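Read through the structure below, which is laid out as structure tokens, and then see the notes.
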Amino acid sequence: MKISNEHISKILREIAVYLEMQNVPFKPRAYEKTAIAVADLSEDLHALYEKGGIKAIEEIEGVGVSIAEKIEEIIKTGYLKYYDQLKKKTPVDVSSLMSVEGLGPKKIKKLYQELKITNVEELERSARAGKIRSLEGFGEKTEENILKSLEFLRQAGGRFILGYIMPDIRKIESDLKKLKEVKKIIVAGSVRRRKETIGDVDILIVSSKPAPVMDFFVNMPNVARVVTHGSTKSAVKLKNGLDVDVCVVAEKSYGAALNYFTGSKYHNIALREIAIKYGFNLNEYGLFKGKKTITGKTEEEIYKKLGLDYIEPEMRENEGEIELSSEHKLPKLIGYNDLQGDLQIQTNWTDGSNTIEEYAEVAIKKGLKYIVITDHTKRLAMTGGLDEKKLLKQIAEIGKINEKLSAKGYKFKILAGSEVDILKDGTLDLKDEALKKLDVCGTAIHSYFNLPKEEQTKRIIRAMENPHVDIIFHPTGRIINRRPAYEVDIDEIIKAAKRTNTVLEIDAFPDRLDLKDDYIRKCVFAGVKLAIDSDAHLVSHMDFLEFGIAQARRGWATKDDIINTRPVEAMLKLLKK
DNA sequence: GCCGTTTTCGGCCCGACTGTTTTCAGTCG
């Protein structure tokens, strides 16, 4: 049996919880750290082990001899004796119980010892029967909170897709901003780091009169319940299930608090460890030496005092950015206003809802200089995909609209493109003679998602080898929270992209964000060019470009790595001849 | 259990809030 990285990560995470149940010091953190590292690994552990043996496993950050041996045992046998022993002592469904808000290792242990609770169903039954309130350390309130938390888990399932929830977040931000007591406000946390999905929202406020701010916040009309209501920190759950935390700080601590609440947790831990080496102490109030304040007002100052260059929030994942920063080698990330064009747009010629002209008008308003029309092709019959004849007609239509725009004095260009379907064998569903007529030829997979990895990889590489194909759209095909990526060897894809001079797309659609961040990083390191496109099916979808840029920044991409940061002629020059 | 330009042994991030407590453990971020 082949063991996935997620499976190994889950076992390691559960071991951390079990050790914490037994009050074992420090080891839990070692296991937890490794669990995260394994989950984030872009390479398959199984493959890594086959290639490099246990030595290769030990290379992973945070993995030493002992954990490497345990990972080896899981890969070889499918089991881990150490884990089984721990599980025998407390045979409970750790992962699901840990996802219940308010429950941690100690409480889970108690619930098992006293009430023999092993899973969320039994937890719910006991809570409903009022059996939990009488346990030592528990009470009526705890029992109530457990039931509420279970209810939420049932309906929301956890994480929100950033691009879809962002309008709600910005509304709360602007409502709070209107209060006269609010001097400064910023959304920190995973929202500021622009993670593709978020678990909650952390809002930071500077105010010398926090009480009215807190009162307004917990009484907002869309609040379902108040989780905590303190003098400087409050938390609510909204009716849509989103958790929002607000923290009020003094101006002098703003930078430290912003840094603290932006995270990531592991970026912060690394910063505090650096602080300790300097004899400092870093917390959410500032950077201190004993009782003396060194700084705290801005993030820039804090990084500087730690000998670091300022690190953009999108990079703060403790993935090597701190080392680069200390060597003054951080990349200059692409900016949110750097795009000049959008290279993937579907119109009402196929499954889009707006006309070519409507897209052009909105794009001009957004300040873009060009767009590429990329309707589907004939194999996608359900979308009314274009055949060679219809495509020629569309090219002629685009020419006419360009003339109209230019007559009106606009310096804006609509380019003819396509989202040509890649067939099962890697050939395309339109003839080369038609493709030749396009300004930009994009291609994508829309079928046979379940091919074996090797075949799927070959299929895409064959498409890239077509001399007319400029871009591969959404290269891994995942849809966040709905379906996983199809199996491809991303390293081979990237190698082939470099060799064939094919551009890979960062699809900005909020539930795609395909490529994901660490694949983008691989492209950047390999020198493969990328494009950020909205994949719009409606004019309003062009607003999603922002999230594509965010994703590119999370992947450490610079302006130069993204072809559509350039004027139209320069962009076209980068494509295949 | 991991790690090292202060260390191969002796450290390991830090504070707020809640609910249970009469001074604090557990959880969270």
Side-chain angles (χ1 to χ4, degrees), chain A residues 12 15-21 23-35 37 58-71 82 97-111 132-146 148-149 188-193 198-204 210 214 218 226-236 243-249 253 256-257 259-288 306-307 318 326:
Chain A
L12 295 171
I15 290 174
V17 177
Y18 280 128
L19 293 172
E20 231 166 310
M21 281 182 192
N23 271 323
V24 177
F26 308 114
K27 285 191 194 183
R29 199 183 139 202
Y31 278 98
E32 196 198 330
K33 238 177 117 174
T34 312
E58 272 184 61
E59 295 287 299
I60 299 166
E61 181 69 27
V63 177
V65 180
S66 173
I67 293 185
E69 277 174 358
K70 292 188 172 72
I71 293 176
Y82 179 63
L97 286 172
M98 279 295 284
S99 65
V100 178
E101 218 180 315
L103 287 192
K106 305 289 164 62
K107 288 212 161 104
I108 291 172
K109 185 182 178 190
K110 187 99 187 162
L111 287 168
I132 289 175
R133 63 183 70 183
S134 54
L135 296 183
E136 191 196 341
F138 292 72
E140 250 178 80
K141 209 64 183 257
T142 312
E143 193 174 86
E144 213 175 283
N145 285 339
I146 286 174
K148 278 181 188 161
S149 174
S190 48
V191 176
R192 185 163 179 243
R193 300 203 313 281
I198 58 157
D200 64 0
V201 177
D202 299 287
I203 300 177
L204 191 66
M214 289 299 179
V218 299
V226 179
V227 181
T228 64
H229 186 177
S231 56
T232 61
K233 275 185 186 179
S234 293
V236 301
D243 287 308
V244 186
D245 297 0
V246 159
C247 181
V248 175
V249 297
S253 296
N259 188 247
Y260 171 81
F261 282 105
T262 297
S264 69
K265 187 179 169 185
Y266 287 95
H267 178 86
N268 287 356
I269 288 175
L271 288 185
R272 283 187 211 130
E273 282 166 355
I274 292 174
I276 288 168
K277 281 190 189 136
Y278 279 91
F280 297 151
N281 175 34
L282 178 64
N283 61 31
E284 61 204 273
Y285 299 103
L287 184 66
F288 302 95
L306 295 177
N318 198 25
S326 69

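Everything numeric here is computed off the predicted structure, so don't read it as measured data. Letters A, B, ... mirror the listed sequences (proteins, then strands); counts begin at 1.
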Contact check, side chains of I203(A) and V244(A), non-hydrogen atoms, under 4.5 Å: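 Side-chain contact under 4.5 Å: yes.
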
Do L111(A) and L97(A) come close enough that some side-chain heavy atom pair is under 4.5 Å? no

Expressed in angstrom and rounded to an integer, what is the separation of [X] atom [atom1] from [N] atom [atom2]?
| X | N | atom1 | atom2 | value |
| --- | --- | --- | --- | --- |
| K27(A) | dC3(B) | NZ | P | 15 Å |
| L204(A) | dG15(B) | CG | C1' | 15 Å |
| E284(A) | dG29(B) | CD | P | 14 Å |
| L282(A) | dG29(B) | CG | P | 20 Å |
| D245(A) | dC28(B) | CG | P | 12 Å |
| R133(A) | dT20(B) | CZ | P | 10 Å |
| K106(A) | dG26(B) | NZ | C1' | 7 Å |
| I146(A) | dT27(B) | CD1 | P | 10 Å |

Minimum-distance nucleotide to [X] side chain [options: [options]]:
| X | options | result |
| --- | --- | --- |
| T228(A) | dG19(B), dT18(B), dG15(B) | dT18(B) |
| S231(A) | dC2(B), dC14(B), dC17(B) | dC17(B) |
| K107(A) | dG1(B), dG15(B), dT27(B) | dT27(B) |
| K233(A) | dC17(B), dC14(B), dT20(B) | dC17(B) |
| S66(A) | dG1(B), dG29(B), dC17(B) | dG1(B) |
| A30(A) | dG26(B), dT20(B), dC2(B) | dC2(B) |
| N281(A) | dG29(B), dG15(B), dT27(B) | dG15(B) |

Assess K33(A) against Y266(A): is NZ or CZ under 6.0 Å from the centre of the six-membered ring, and within 45 degrees of the ring's axis? no

Does [X] place a side-chain N or O at less than 4.0 Å from the phosphate oxygens OP1/OP2 of [N]?
| X | N | value |
| --- | --- | --- |
| T142(A) | dT20(B) | yes |
| N145(A) | dG19(B) | yes |
| Y285(A) | dA16(B) | yes |
| N268(A) | dC14(B) | no |

How would you label the contact of [X] with the nucleic acid (heavy atoms, under 4.0 Å): base, sugar-phosphate, or nothing?
| X | answer |
| --- | --- |
| E273(A) | sugar-phosphate |
| L103(A) | sugar-phosphate |
| F138(A) | sugar-phosphate |
| H229(A) | sugar-phosphate |
| V24(A) | nothing |
| I269(A) | base |
| K265(A) | base |
| T232(A) | sugar-phosphate |
| K70(A) | sugar-phosphate |

Given the [atom1] atoms of [N] and [M], what is the spacing between them in whole Å?
| N | M | atom1 | value |
| --- | --- | --- | --- |
| dT6(B) | dC2(B) | P | 23 Å |
| dC28(B) | dT23(B) | P | 25 Å |
| dG15(B) | dT20(B) | P | 26 Å |
| dA16(B) | dG10(B) | C1' | 30 Å |
| dT8(B) | dC3(B) | C1' | 9 Å |

Tell me which of G230(A) and K277(A) sits closer to the 5' end of DNA chain B, going by the nucleotide each one is nearest to. K277(A)

Residue whose closest nucleotide on DNA chain B lies nearer the 5' end, N283(A) versus P25(A): P25(A)

Decide, yes or no, whether a salt bridge links E136(A) with K110(A) under the criterion of side-chain N to carboxylate O below 4.0 Å. yes

Basic-acidic side-chain contact under 4.0 Å: K277(A), E273(A): no

Looking at A16(A), is its backbone amide N or carbonyl O close enough to the side chain of E32(A) to form a donor-acceptor pair, meaning the two atoms are under 3.5 Å apart?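 Such a contact is absent between E32(A) side chain and A16(A) backbone.
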
Partner of L282(A) by side chain to side chain contact (heavy atoms under 4.5 Å, CB included), out of L271(A), I276(A), N268(A):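 Only one option passes, and that is L271(A).
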
Looking only at side-chain N and O atoms, does N318(A) offer a donor or acceptor that is under 3.5 Å from a partner on K265(A)?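 No, because no side-chain N or O of K265(A) sits under 3.5 Å from a partner of the opposite role on N318(A).
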
